[in-house]
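By convention in this document, chain letters (A, B, ...) are assigned in the order of the sequence lines, proteins followed by strands, and residues within each chain are numbered from 1. Because the structure is a prediction, the values reported are computed rather than measured.
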Amino acid sequence: MALRVYNTLTGSKEEFVPINPGKVGMYVCGVTVYDHCHIGHARANVVFDMIYRYLQAKGLDVTYVRNYTDIDDKIINRANRDGVPYNEISERFIHEFDKDMARLMLQLPTFQPKATEHIPEIIALVERLIEKGYAYASGSDVFFRVDRFEGYLKLSKRNLEDMQAGARIEVDEKKEHPMDFALWKGAKPGEPYWESPWGQGRPGWHIECSAMSSKFLGDTFDIHGGGKDLIFPHHENEIAQSEAASGKPFVKYWLHNGFVNINSEKMSKSLGNFFTIKEVLERYDAEVLRFFLLSAHYRSPIDFSDQNLKESELGLERIYNALAGIDERLAAGTDHAPTEESAELDEKCRSIATRFSEAMDDDFNTAMALGHVFDLVRSINRALPVSPLELLSRVKQEIASIAATLGVCDSVPAEYLQRMKDRKTSEMEIPVEEIEALIAERAEARKAKNFKRSDEIRDLLLEKNIVLLDSAQGTTWKVK
RNA sequence: GGCGGCAUGGCCAAGUGGUAAGGCAAAGGACUGCAAAUCCUUCAUUCAUCGGUUCAAAUCCGAUUGCCGCCUCCA
């Protein structure tokens, strides 16, 4: 089945046909590096990482470009506030971004260009726009002439008149039209600058993405992605700049991810209701966060809450429990002839790859894909004790292949479960030695059939969120 | 004011014309000395409301209500 993607430009799902067969050029707007990333950034980046992985899994040769916008008003403001050079801020937060993304297990893009390393390309692009009459210098600034570009607002599907009616646009004497936007900004005293034909200045927001995308992917490429909030003005302006300059279509498929909400409201810096990735990872495993972000379709809003994260944690644990069970049987090495239950598992195992790719082919429906995984998990649990080892190895392989695409369930099961236990253990108020002493005492009591004392100890520990697990091999424990 | 999106069981969440996936929670049962995990069973005759199209609609059309987003920096 062919991959279908929802294209913001056309407002509908379309079959994905690469411009050059077998190859995909994909550009995703990265971050403006002036602060720590929040989980909204985490979602956007995890989503496009998943898309990148899936396209590769389909055998496509993907060139993935994700930029750093490392010069911008907000960076300058932050630098002024902190009394440090602007590049100290940008370099610091590039480093922090990289660390966050690594913890979220993102694959590295093919290229991660920086705006400040492409100033000559940016200046050349602005000059070209001026030559073609799409831009004009005004003082030391250069603006894009929006009413000159015919397709302006075709992505966000608005028109200039309506935009102005209720808009809060500050009147700028230097602009011909209130909606014109800056391609180049003259430097005020004390601001960082580069030499240009219009004097000392810096690039405006938007132009760096046009310059860098064409450098790495050409004038026309397949996929451009980002958060929904970038549709206007950022992506609209990119289209205007790039298509005006090249005279060619800019992007074939525009993909936009939905927001992370807090109590159904958009999480954002300006509202102040945001959690940084680092804050969340103090309380939840990175894989849990990733699983949570992929548990809804990428275009839907997703509500961030403790309860939802806890659910993801439980769901992921359910999958890992099943995988750990497979590992244990494989390690034990005791084979079993096929049974009715194993036949059902065999059937599920044979169809899982198809069901997974059908879900993913439908505009990257990870929620449905995970549903299929859970379905397989139940079959695993049902058939685990009575399945041939050969079947269990195949199941393991199928899941590993899915896991590699989603970037979840990719850990060694026993290690994941241990990691979760360690994380919870570190939050306990009762020392491990005390738990073990109580377990030893309980073992004695149980041996003497003193179940009253045995249950007292179980209840005592349960109050502290410790659950005892009895088995033939003895008693272990876990944190509730 | 303009434009756009969403509304599915207690919660989360798939499902864009063919008769409601999956997860969490809950209840009963099996297993266990008791538990945990796991398995089995139950859990939306119904998809915000009202009309319409159709043999057939959660899915298409219209209206209403509610929530959200963009129009200003924002993933």
[N] pairs with, by Watson-Crick or G-U criteria that keep both distances under 3.5 Å:
N: B:C6; answer: B:G66
N: B:G1; answer: B:C71
N: B:U38; answer: B:A30
N: B:A25; answer: none
N: B:A14; answer: none

Practice problem: Using the six-membered ring of A:Tyr27, assess whether NZ or CZ of A:Arg66 lies under 6.0 Å from its centre and within 45 degrees of the ring axis. | Solution: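 No, A:Arg66 does not sit over the ring of A:Tyr27.
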Quiz item: Any cation-pi pair here, A:Arg299 with A:Tyr6, using under 6.0 Å and within 45°?
Solution: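 Pair A:Arg299/A:Tyr6 counts as cation-pi.
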Across the strands shown, which category fits [X] at heavy-atom distances under 4.0 angstrom: base, sugar-phosphate, nothing?
X: A:Ser454; result: base
X: A:Arg442; result: base
X: A:Leu230; result: sugar-phosphate
X: A:Ser268; result: base
X: A:His38; result: base
X: A:Asn381; result: sugar-phosphate
X: A:Lys228; result: nothing
X: A:Arg158; result: base
X: A:Leu314; result: sugar-phosphate
X: A:Ala296; result: sugar-phosphate
X: A:Lys157; result: sugar-phosphate
X: A:Gly40; result: base
X: A:Asn365; result: sugar-phosphate
X: A:Val373; result: nothing

[N] and [M]: how far apart are their [atom1] atoms, nearest whole angstrom?
N: B:U38; M: B:U32; atom1: C1'; result: 12 Å
N: B:G18; M: B:C3; atom1: P; result: 32 Å
N: B:A26; M: B:A58; atom1: P; result: 31 Å
N: B:G66; M: B:C50; atom1: C1'; result: 15 Å
N: B:A20; M: B:G62; atom1: C1'; result: 25 Å
N: B:C68; M: B:G29; atom1: C1'; result: 44 Å
N: B:U54; M: B:C71; atom1: P; result: 43 Å
N: B:C6; M: B:U59; atom1: C1'; result: 15 Å

Whether [X] contacts [N] is assessed here as follows: a side-chain N or O lying under 4.0 Å from the phosphate OP1 or OP2. Is that the case?
X: A:Thr475; N: B:A35; result: no
X: A:Lys310; N: B:C11; result: no
X: A:Arg378; N: B:G23; result: yes

Distance, rounded to the nearest Å, where [X] contributes [atom1] and [N] contributes [atom2]:
X: A:Glu265; N: B:G5; atom1: CD; atom2: C1'; value: 16 Å
X: A:Leu316; N: B:C24; atom1: CG; atom2: P; value: 12 Å
X: A:Arg318; N: B:G23; atom1: CZ; atom2: C1'; value: 8 Å
X: A:Glu161; N: B:C71; atom1: CD; atom2: P; value: 19 Å
X: A:Lys449; N: B:U32; atom1: NZ; atom2: P; value: 13 Å
X: A:Leu461; N: B:C34; atom1: CG; atom2: P; value: 19 Å
X: A:Leu417; N: B:A37; atom1: CG; atom2: P; value: 13 Å
X: A:Lys424; N: B:A36; atom1: NZ; atom2: P; value: 15 Å

Picking from [options], which would you name as closest to the side chain of [X]?
X: A:Val467; options: B:A14, B:A36, B:A75; result: B:A36
X: A:Lys478; options: B:G15, B:A36, B:A14; result: B:A36
X: A:Arg458; options: B:A35, B:A75, B:A13; result: B:A35
X: A:His297; options: B:C11, B:A14, B:G15; result: B:A14
X: A:Ala44; options: B:A75, B:A14, B:G15; result: B:A75
X: A:Phe232; options: B:C71, B:A75, B:G33; result: B:C71

Quiz item: Can you name the nearest heavy-atom pair linking A:Leu370 to A:Leu294, along with the distance?
Solution: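 Distance-wise, the nearest heavy atoms are CD1-O, 3.6 Å.
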Quiz prompt | Minimum heavy-atom distance between A:Ala367 and A:Ser295, given as atom pair plus value | solution =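 Of all heavy-atom pairs spanning A:Ala367 and A:Ser295, the closest is CB-O, 3.4 Å.
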Exercise. Name the residue closer to the 5' end of RNA chain B, choosing between A:Tyr298 and A:Pro233 according to the nucleotide with the nearest heavy atom.
Key: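 Final value for this comparison: A:Tyr298.
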Quiz item: Starting at the 5' end of RNA chain B and moving along, which residue's nearest nucleotide shows up first, A:Leu271 or A:Ser471?
Solution: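 By nearest-heavy-atom nucleotide position, the 5'-most residue is A:Ser471.
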Is any side-chain heavy atom of [Y] closer than 4.5 Å to one of [X]?
X: A:Glu313; Y: A:Met420; result: yes
X: A:His235; Y: A:Cys29; result: yes
X: A:Tyr253; Y: A:Leu255; result: yes

Donor-acceptor pair present, [X] side chain and [N] base, under 3.5 Å:
X: A:Asn308; N: B:C11; result: no
X: A:Arg446; N: B:G33; result: yes
X: A:Arg43; N: B:A75; result: no
X: A:Asp455; N: B:G33; result: yes

Practice problem: Give a yes or no answer on whether the side chain of A:Lys421 reaches the backbone of A:Trp477 with a donor-acceptor pair at less than 3.5 Å. | Solution: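 Side chain of A:Lys421 to backbone of A:Trp477, a donor-acceptor pair under 3.5 Å: yes, one is there.
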Quiz item: Quick check, are the ring centers of A:His36 and A:Phe93 under 6.0 angstrom apart?
Solution: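 Yes, the ring of A:His36 comes within the 6.0 Å limit of the ring of A:Phe93, centre to centre.
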Quiz prompt | Ring-base stacking, A:Phe374 with B:G22 (5.5 Å, 30° cut-offs) | solution =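 It does not: the two rings, one from A:Phe374 and one from B:G22, miss the stacking criterion.
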Self-check item: Other residues, nucleotides, ligands: >12 heavy atoms within 6.0 Å of A:Lys157 NZ
Solution: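 Yes.
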